[in-house]
Structures are given as C-alpha cells and as structure tokens.
Amino acid sequence: MSLSIPSPANFIEDIIVEDLKSGKRTNVHTRFPPEPNGYLHIGHAKSICLNFGIAHKFADFNGLCNVRMDDTNPAKEDIEYEDSIKADVRWLGFDWEDREYYASDYYQKFYDYAIDLIKMGKAYVCELTAEQMTEYRGTLTEAGRNSPWRDRPIEESLDLFARMTAGEFPEGKMLLRAKIDMSSPNINMRDPAIYRIRKIPHHRIGDKWVVYPMYDYAHPLSDWIEGITHSICTLEFEDHRPLYNWFLETLELPNRPQQIEFARLNLSYTVMSKRLLLQLVEAKFVDGWDDPRLPTISGLRRRGYTPASIREFADRIGVAKADSIVDINLLWFCIRDELNATAPRAMAVLDPLKVKITNWPEGKVEMVQAQINPNDPEAGFREVPFSGELWIERSDFMEDPPKKYFRLAPGQEVRLISGYYVTCTDVIKDDEGNVVEIHCTYDPESKGGTTPDGRRVRGTIHWVSAAHAVDAKVNLYEHLFTRENMTNLPPDTKPMDFINENSLEVSSAKVEPYLQSIDAETRVQFMRHGYFWPDKESSSDALVFNRIVGLKDSWGKKKK
RNA sequence: UGGGGUAUCGUCAAGCGGUAAGACAACGGAUUUUGAUUCCGUCAUUCGUAGGUUCGAAUCCUGCUACCCCAGCCA
C-alpha cells in the first residue's frame, strides 16, 4: 500500500514531493536551528512555521522537526537566549517532543570527523595570522594563494590539532582549515576555517573545549547526525551550499541531507536584523525585547497577537526565493480577522469629553443591556450603567462639522451604543475657547437604541457613565519606523534616522467597569477603536491596556 | 571585472509550452445600534527588456538591464 503524497504548496514542498515520488527519500525530517545569541522575531516565526509545518504536512512520511541550538560560538551565546527561544517556539504552538538538540552535544563527533579529514589530507593546521589569512584569501575577482602550511605533513597537522585542543596555543595562533581550492570563484571554498581556538567557557559545556567548530562545518554534520532530509535555510547561505556538500561528500557520509534556501521575511515599517533590534533595546528606544512595538515574538506576544494569527500570517505570505517586503497590513488583517470573531466588545473612551444630559432624572442610574459580540449573538449580553453624566470621545463632537460628519454637533442627534439617542443643545467652553463639556437632551423613547417612530440616526458613538467609569492607561502603538522599506535606505542615511519618535502614545482613558473583570488572557474590542488586551503590568486597580491593532478606519482615511 | 541568486498587479504570490489563480491593500456600491464586520462589484490583453524557437511562450533558447548575497578565526 502506498501513502498518498500531499500536494505541494511551495517550491520547497515541490522538492520534497519529488524526492518522495522518486524514492530518493522515504521520510521527511526538518529542523529549526537558531543560534542562541538573540531573541526570535517574526522572520524566525516564518521559518519555524515552515519547518514544523512541513513535518506536520508529511506526517505520513514520518514527518518530524527538531529544535537545535546552533551553539558553536561561545563568545556570543547565552542560556537566556536558549530559554526565550524555546518559550517562543512553544508559544507559537509547536512541539519538538524529545528532539531538543545542541550542536555542542556533537562536539566530539565533529572532532573525530575533523581528524578523519586531516588523515585524508583534506584538512590542515594553518598558522597564518588573521591579517595574512585575509591577504591570502584573494578578492572577489582575484584567486587566493595557498597557505605555506597547506602541504605540511599529515602527522604534523594531527599533532598540532591535538595540541590546539589541549590548550597549548593562544587564540588566533592556529586554525584547522579544509583543503579545497584557493582559486575557487566561490570564496567559501578557499580553504575555509573549520576550527578556531576560543578560550571562553561555553554556556552549556563549560571549558571542556578550547577549539570550536565553525558554522559551515558544524551545520551539515549536525544535520547528518540528526537524520535531517531537508535542511532549510535563508538565501545568504546559498553559496555555502557547495561547502555544505563538500564536507558530507568528502567524509563519504551516506543519505545526505539537502540544503534548500528561501527568502527571509521583511516587513514594512520595521527591521528584522538582530543587530538593529539589539541596538534599539540597548539604547532604550524600546522597553526591552518584549516591547510591543518590536517584531520579536515576545514583543508580538506582549502586544496581544495570538499564536494562531502569526501562523495564519506565515501561511499567507508564502515561501519563495525573491527578496520581498511584506505589507504589515497583512499581519494586521490576520489578527483582526481572528479577534473580530472571538473578542468580546466593550466601550472605552480614550480622549474623554464630558456630556451632561439635561433632561435625565437627577441621580438616576439605569443598567442597559449591551451585546457582548454583535457578530456572535450566542455570546449574550453584558450590563452597562447609564446615567446623566457621560464621557464620550472628544473626536465624536465637532462644533462646526464638515458635511457627512455623522457624530455629535450642535443640534445633531446621535445614538449612544445600546443606550439612548441624544441631541446636542449646548456647548460649554473655558476661557480659552476650548470645549470642556456639552449638554444634550435624550429621547426616553429611544432606549436600547431604536425609537417607535423608526427614525434614522446616522451616527452611533460609544460612551461611558462618568460616575461608573474606571480609569485605565492605554498604550497606543504606531510603526517603529517612519519608512516603509527599511531594507534599502537612501544614500547617507541609517536606520535610526527613520525611527518614529511617536511610536508610543499613552492615553488616560475612561473605560466601562466590565473591563475590570476580564482575565489576563482576554482580548477585547474597544468599540470603534480596535483590539486591546491587558498589559503584563495591568492589575484590576491599575488597568493598563495595549492596543493590539486598530479597526479599519475608512472615515479617518477619507479625512486625509 | 569573479561567483551565487532573483525579476508576474501598490504588496505578497500561483503558474512547470495551451492562451495570467488567490490573498492583502485600494476603489465603487448595498446592509449595519461599531464610518468595524458582512455582502456585491472594479482592479495585469500582460508576465524586467530585446530578439529567437513554436500552430501556440510568463513558461524553452540567446543577448541585455535592474536588484540582492559573498572577501569573519560570525551564524
């Protein structure tokens, strides 16, 4: 009986399907191999979803995906990063079961293979200095020259490598190099370094080793050791592929993994490089790695994005080899689409203006029924207190409104969501002419939002009873950078020139009491504003909400 | 001037010699107690460009152009 092969969704799956059909492979095994030297961002999420997604899709073919810490550089890596990486992958919804690996666990094997290479005459200990190395390497257009140590006896290299490993030499003194071709047009093949001396304790295995393998050497071997079939990485490794293959072929390892490269994710109005992200964090432009403005997984999580919305996004952007910049609107669409269906509604006034209803019975408080989610009648109702003094949004009143402004204005009637119709009768101003309060009358017949005469009211606005309002701090986020394309900057500019100084706006809001009772995981829609959820620092007596994403705003757009 | 890649709608992206999917964005219009949602409709005679092969080309061939990556003892 033959298993049915899934239909491919991108060029990588095309390759996998071909391999399965041709019999080149009988199973599918991928891996996510981060270096624990920074926090994961949404670009990594693309890779995580791709690798785990393939494993899941090809489950009938033993589809599996490992997590492997690519920890070959003790100078940059740390346990803190490992922990955050694992937490992020798990949060995204993926399970690597017991397949949590570390390149550092393979060091002995790497070492043994290195000795094999030396014995084969395919690697040698080189004593050129770093500067000499650069000089001997040649340039993009000129061939390199052979190192004077290239043809030293195998026994000598063996001895020297053993002594390097024993710690006899200082850093930079010697290097183990692969013997390939100094005149290769591919610079990666010009006798690349495969081991260097680093007298720094490794965060996991301490000072067991003083020689550390290079990525180009460790990666193919790690893949091979784990039985990886398809080793997916980003485009910049494309010209490392001949080297990846060279190690596996030279060592005559059977059933070799295949490296496949795809384009990394870029998003409009933000940056994805670890270096830049680190700079933003260290310069305190942002509040740590989980700042909600950052495209880090932890930032997106703190902002309120759901794992499902990020997976959906990863699915929609596709996988290809062309450099691209994905419109941030697509990410926004994904989270809106999910939350529109699931988020309970509530009312919050972000920029409050006092409204007094002059014909409302003194001191009367009425509980009105409001739908929790009008798009989901099953969700039921919540009670909201209504009274003669309310807060409304400052932008929902205009003394001299333009045409087609449906909200409150002198003499204009508006519907208060789930409450009553009110008509503006007076505008109260301070000495400087600022509107400080407005007076309205309400129509007792309009309770709940409709009247017996069925008259039409174009404007519907949200409100909060002043006496019952709860104060809340609300964080409103904008793009981190002002420039859409941050991957290609104009001459003589640098990323920081485009930092958006107004990427965070804090508002002192008045919110309905219901919001005091929601739990820390609940994402709510502040009607007519967007989707919000409690910040990690929020508490029931000091509410703090983060705006995950705003609602689409065709009126605001039209005004521009 | 070497090597490796990529070019299909504003942005992603299908297409694999048989006559340009889809999504986001945008723009109309309907519905609406969120100017949200939903719903209907519009949005590439053309696939970087110039030739060639073919009955037929985004798909094959040739030339050209643009952009990205590579000269760490980083990954």
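Separating the CG atom of Leu243(A) from the P atom of rC70(B) is a distance of 16 Å, rounded to the nearest angstrom. Atom CZ in Phe406(A) sits roughly 10 Å away from atom P in rA36(B) (whole-Å rounding). As rounded to whole Å, 12 Å separates atom C1' of rG3(B) from atom NE2 of His240(A). Atoms CE (Met189(A)) and P (rA71(B)) sit 16 Å apart, rounded to a whole Å. The separation between Ile187(A) atom CD1 and rU1(B) atom C1' is 13 Å, rounded to whole Å. For the pair Glu13(A) CD and rC16(B) C1', the interatomic distance rounds to 16 Å; values are reported in whole Å. Atom-to-atom, CG of Asp216(A) to P of rC74(B) comes out at 11 Å; the value is rounded to the nearest Å. When the C1' atom of rA75(B) is taken as reference, atom CZ of Arg31(A) falls 12 Å away, rounded to whole Å.
For Asp327(A), the side-chain hydrogen bond (donor to acceptor under 3.5 Å, both in side chains) partners at least two apart in sequence or on another chain are Asn329(A).
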What pairs of nitrogen or oxygen atoms, one from the protein and one from nucleotides 4-6 of chain B, lie under 3.5 Å apart?
unit_1 : atom_1 : unit_2    : atom_2 : d
rG5(B) : O2'    : Glu238(A) : OE1    : 3.3

Extract from the structure each pairing of a protein N or O with an N or O of nucleotides 25-28 of chain B at less than 3.5 Å, listing the distance.
unit_1  : atom_1 : unit_2    : atom_2 : d
rA26(B) : OP1    : Lys557(A) : NZ     : 2.2

Measure all distances between protein nitrogen or oxygen atoms and nitrogen or oxygen atoms of nucleotides 39-42 of chain B, and list the pairs falling under 3.5 Å.
none

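Counting only residues at least two apart or in different chains, side chain to side chain donor-acceptor pair (under 3.5 Å) contacts with residues 164-179 of chain A comprise Tyr111(A)-Thr165(A), Arg163(A)-Glu168(A). Legend: ring pair (Phe, Tyr, Trp, His ring centres under 6.0 Å) pairs involving residues 126-150 of chain A, not counting sequence neighbours: none detected.
Across all strands shown, rC40(B) is found opposite rG28(B) as a Watson-Crick or G-U wobble partner, with both distances under 3.5 Å.
Considering only the side chain of Asp70(A), rA75(B) comes nearest among rA36(B), rA75(B), rG35(B).
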Evaluation steps, side-chain contact (heavy atoms from CB on, under 4.5 Å), between Glu261(A) and His240(A):
CA-CA 10 Å; Glu261(A) 311 84 11; His240(A) 292 237; over 6 Å; no

Under the side-chain contact (heavy atoms from CB on, under 4.5 Å) criterion, do Arg483(A) and Leu489(A) qualify, and how do the steps go?
CA-CA 9 Å; Arg483(A) 185 181 163 85; Leu489(A) 303 180; 3.6 Å; yes

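Each of Tyr405(A) and His219(A) lies near RNA chain B, and the nucleotide nearest Tyr405(A) is the one positioned closer to the 5' end.
At a cut-off of 3.5 angstrom, the base of rC74(B) holds no donor-acceptor pair with the side chain of Asn37(A).
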